[in-house]
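Heads up, the thing below is written out as structure tokens.
The first residue in the sequence is number 1, and the count goes up from there.
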Amino acid sequence: MDWQGQKLCEQMMMIMLLGFSILGFIAGYSTGSYQMMLLVYSAGVVITTLISVPNWGFYNRRPLKWLDPIEFEKNPKPEILVSKKKVTKSDRK
């Protein structure tokens, strides 16, 4: 999943969860049933999960270009130098 696909997925997830929560509230309020509200909202969570969790093709429209291994070897990761000097009481003051 590319960066734009992640953004699209997150936006779709938020919109769908908000929509199903509103739809569940309306269904539960109109029927006077708390169970109906939970069923509608739970179905919405399942549908949202099926749409947003798998790596669908429309999330991969702009694939990332990774560095070749040769490019990485030319620019190695910098090393961290550690001082082996022992700290004494006079250095702390």
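Here Q6 pairs with M1, W3 under the side-chain contact (heavy atoms from CB on, under 4.5 Å) rule; sequence neighbours left out. Annotation: side-chain hydrogen bond (donor to acceptor under 3.5 Å, both in side chains) contacts of N60 (sequence neighbours excluded): N55.
Note: the hydrophobic cluster containing F20 does not contain M13 (ILVMFWY, side chain heavy atoms under 4.5 Å, direct or indirect links).
Separating the CE atom in M14 from the CE atom in M12 is a distance of 13.0 Å, to the nearest 0.5 Å. Atom CZ of R61 and atom CG of L8 lie 7.5 Å apart (nearest 0.5 Å). Atoms CE and OG1, on M37 and T31 in that order, are 10.0 Å from each other to the nearest 0.5 Å.
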Side-chain donor-acceptor pairs under 3.5 Å in residues 39-52, sequence neighbours left out?
unit_1	atom_1	unit_2	atom_2	d
S42	OG	L38	O	2.7
T48	OG1	G44	O	2.7
T49	OG1	V45	O	2.7
S52	OG	T48	O	2.8

